[in-house]
Structure formats: structure tokens, C-alpha cells
Amino acid sequence: MTHYKIATIAGDGIGPEVTDATVKVLQAALGRDALHFEMLDGGAAHYRKSGEVLPEDTFTACRDLDAVLHGAAGLPGVTYPDGTEVGNELHLQLRFRLDLYANVRPVKLLSGVTSPLRAFEEGGIDYVIIRENTEGLYASRGAGVLLRGEVATDTLMVTRKGTERVARFAFDLSRKRNGAPRDGKRRVTVCDKANILRSYAFFRGVCDEVAADYPDVEIDYAYADAITVHLIKRPDFYDVIVAENMFGDIISDLGATTVGGMGISPSGEIGDNQALFQGAHGSAPDIAGQDVASPLATILSATMMLRWLSDRHGDATLSEAAARIDGAVDKVLAQGAAVPRDLGGTAGCTEMTDAICRALG
Ligand code: IPM
Ligand code: MN
């Protein structure tokens, strides 16, 4: 068994407890030797103590180790003079400096979970949002104009390179999936506002150029406002959605809510040389330290990490372990053996973790 080193940043709020829970589940599935978790400093609490949100030795470990596992970052009131939150800087610096250009956000209705969209059952909602993760409106982070307390601007930046690679990622992913639940068609939906802004029309045009290399995958378009209606009324139509950074940030929370919420929604931020995996939720400081947070989003992000490592290293033991963990989560939810509070149950973080470890046998 190869030994993999995971740069692990527990972070703030519920981050430490959901990270601990995930380490326990990974060790239950793979044993204690397969993965080494290098615990690293970073986040708003660390900034409050040290003045650094992402220490250089943490960044170096995230750059050089095999993958990055993150709990959550950010604390209310810990902000920069310009009003932006410090905790987010940990994440954004890692995205930009490690060039993690594809933010993969699966939206899948699991067994035992009741969607607020009553018409849909397990498997009826199963799509993946690919959020461009290094440019768009986020390119302006820390670079916007603040003028005499009267004017503030941030610029939306769309590049050919940034769009081409995230669109190719989306089409390649669609080829690995079984199509949209509604019709089994492999489909990539380009989410933009090409009708209004040239930058989005350019984004769409580059996606069209990439689509020409994938005649077996249907290309589809949806304006960012219209897609919020479609994701409620016909979520089963979607297979893979590719979107600019800010639109991807927004529609991924909407999608998450249709399949049980942020507490069950994983994410993988993937570049050519590194990847960061974390639940799509935030640090939820209001419930931190009370053992009530659901660890599911981080655990499901860790199975994404195992699959990414498996593909990268040709190590089937990791993808097999990922399948066992997903199966254990499905089993616990389907049987109601333990249901987290955000899904209407009473199970806290430890109870959910123990139930999944038991289901792993
Ligand atoms: C997300 C979060 C981040 C974002 C924050 C934590 C920087 O909302 O990952 O969706 O704005 O992208
Ligand atoms: Mn977000």
C-alpha cells in the first residue's frame, strides 16, 4: 500500500470537528497507515493570534504534499480594513497560488434524504457544477478600486486559457458520467449572461469551441438568472454545468439546498498539480464545539479526494475505499441509523461518524 501525505487544515468553527470525523472515517476504511495527515495552521483564529491567515509553511505543505483536506475557515468580525473577511483569504490564496481552476460541486440526492423539491427521489437529482475557480469576478479580490469613499469597482476577468481548461474539464467529466437523470444524455450546460455582457459572450464562445471536440456530448446554455428557475423546476435535466466563478458560487448553494443543504454537499478544487477537498459549507461558528455539526460534506469531499488520488496514482485501493465510504454513508442515511440535525434528525457529529464507521464494518 502506497503511503499518501495529506496537507490537513482543520481551520475555524466546525472545521476541527468535521476534519477529525473525516480522518476517523478514512482510517476506518483504509487503516491507519495508508494516509498520513499533516495537521497545519491556517484560518481566521490563527490570523487573530499570529497575523497570518496562511503561514508559508502551511502553503508549502499544501503545494508539495499529495492532496489538501480542509475543514472550514472564517470567523465573524475577523475582517480586513476594507471589510472583506480574513478567513476567506486562506482559501482564496490556495486557489489562486495553487491554480486550482476547477471547483467541482456535485449535487446529488442521496437515499434517505428528502429534497425540498418533493417530486424528486434518490438519484433524481444528479449533476455536477464546475465552477471556474481562479478568475471571473474573483480575479478582483483585493484589487478592486475604492475611491474617496464614493466609488468602488471590481472587474470581471474572463480569459481564453481559464475558460478553455475549465470547459474541457466539464466535457471530460460528462464523458465519465451516465448523463442526466431525465434522459441519460451526456450534456454540458454553459451558465452565463452572454445576452448582456461581452465577457460572458466570450466565455460562451470559448465553450462552444471546446464543444466541437466533444460531438458525443450535447452542449446546452442557460442564463444565470434562468438557471435558478430550472434547477428548481427540472433539476433532472442537468448532467454537468460550467460557470464563471461568481455564478458558480451562487448556483452551487442553490443546488446544494435542493439535495439536503450545505451540510451534505462536498467540493473538490482541482488543478493540474494539486487539489483541495472540503465541504461546501462554511465554518458555522454558532454551532462550533457542540458536536452538532454534520460531517457528511467533508466525508463526501474526502471520497472525492480518494478518487482523485486513485486516478492520479493508478491506485485502485483508494477508489475502492471511496466506494465503500459512499456506500456506508448511503446505508446509514437509507436506514436512518443516524440522521444529522440539518436533515431533520438528532445525530451529532460523533454519532454520525460512529454510525458510518460501523457501516464500514
Ligand atoms: C465557497 C465559499 C468561498 C467563495 C469563500 C469561503 C471564499 O463561499 O467556496 O463557495 O466565496 O468561493
Ligand atoms: Mn460559496
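Order of appearance sets the numbers: ligands from 1, and atoms from 1 within every ligand.
- Using the six-membered ring where Trp is involved, His36 and His3 have ring planes that are parallel, under 30° apart on the 30 and 60° scheme.
- In summary, Lys185 and Asp239 do not engage in a salt bridge, as defined by a charged side-chain N under 4.0 Å from a carboxylate O.
- Annotation: Tyr138 places an N or O atom under 3.5 Å from an N or O atom of ligand 1; distance criterion only.
- Note that Arg312 lies outside the cation-pi zone of Tyr4, set by a 6.0 Å cut-off to the ring centre and a 45° limit from the axis.
- Evaluated for a salt bridge (Lys or Arg N to Asp or Glu O under 4.0 Å) with Arg141, the options Glu89, Glu135, Glu85 yield exactly one hit, Glu89.
- Nearest to atom 12 (O) of ligand 1 by heavy atom, out of Gln278, His91, Arg131, is Arg131.
- Ligand 1 has at least one atom lying under 4.0 Å from a heavy atom of Arg95.
- Taking any N or O of Asn103, backbone or side chain, none lies under 3.5 Å from an N or O belonging to ligand 1.
- Between atom 9 (O) of ligand 1 and the options Arg105, Glu269, Glu89, the minimum heavy-atom separation is to Arg105.
- The Mn ion (ligand 2) is closest to atom OD1 of Asp249 (considering only N, O or S atoms).
- Annotation: atom 6 (C) of ligand 1 to nearest protein heavy atom, Asn88 OD1, 3.4 Å.
- Among all non-hydrogen protein atoms, the one lying nearest atom 8 (O) of ligand 1 is Asp249 OD1, 3.3 Å.
- Salt-bridge formation is detected for the pair Arg182/Asp236: a Lys NZ or Arg NE/NH1/NH2 atom is positioned less than 4.0 Å from an Asp or Glu carboxylate oxygen.
- A salt bridge links Asp126 to Arg177: at least one charged side-chain nitrogen sits closer than 4.0 Å to a carboxylate oxygen.
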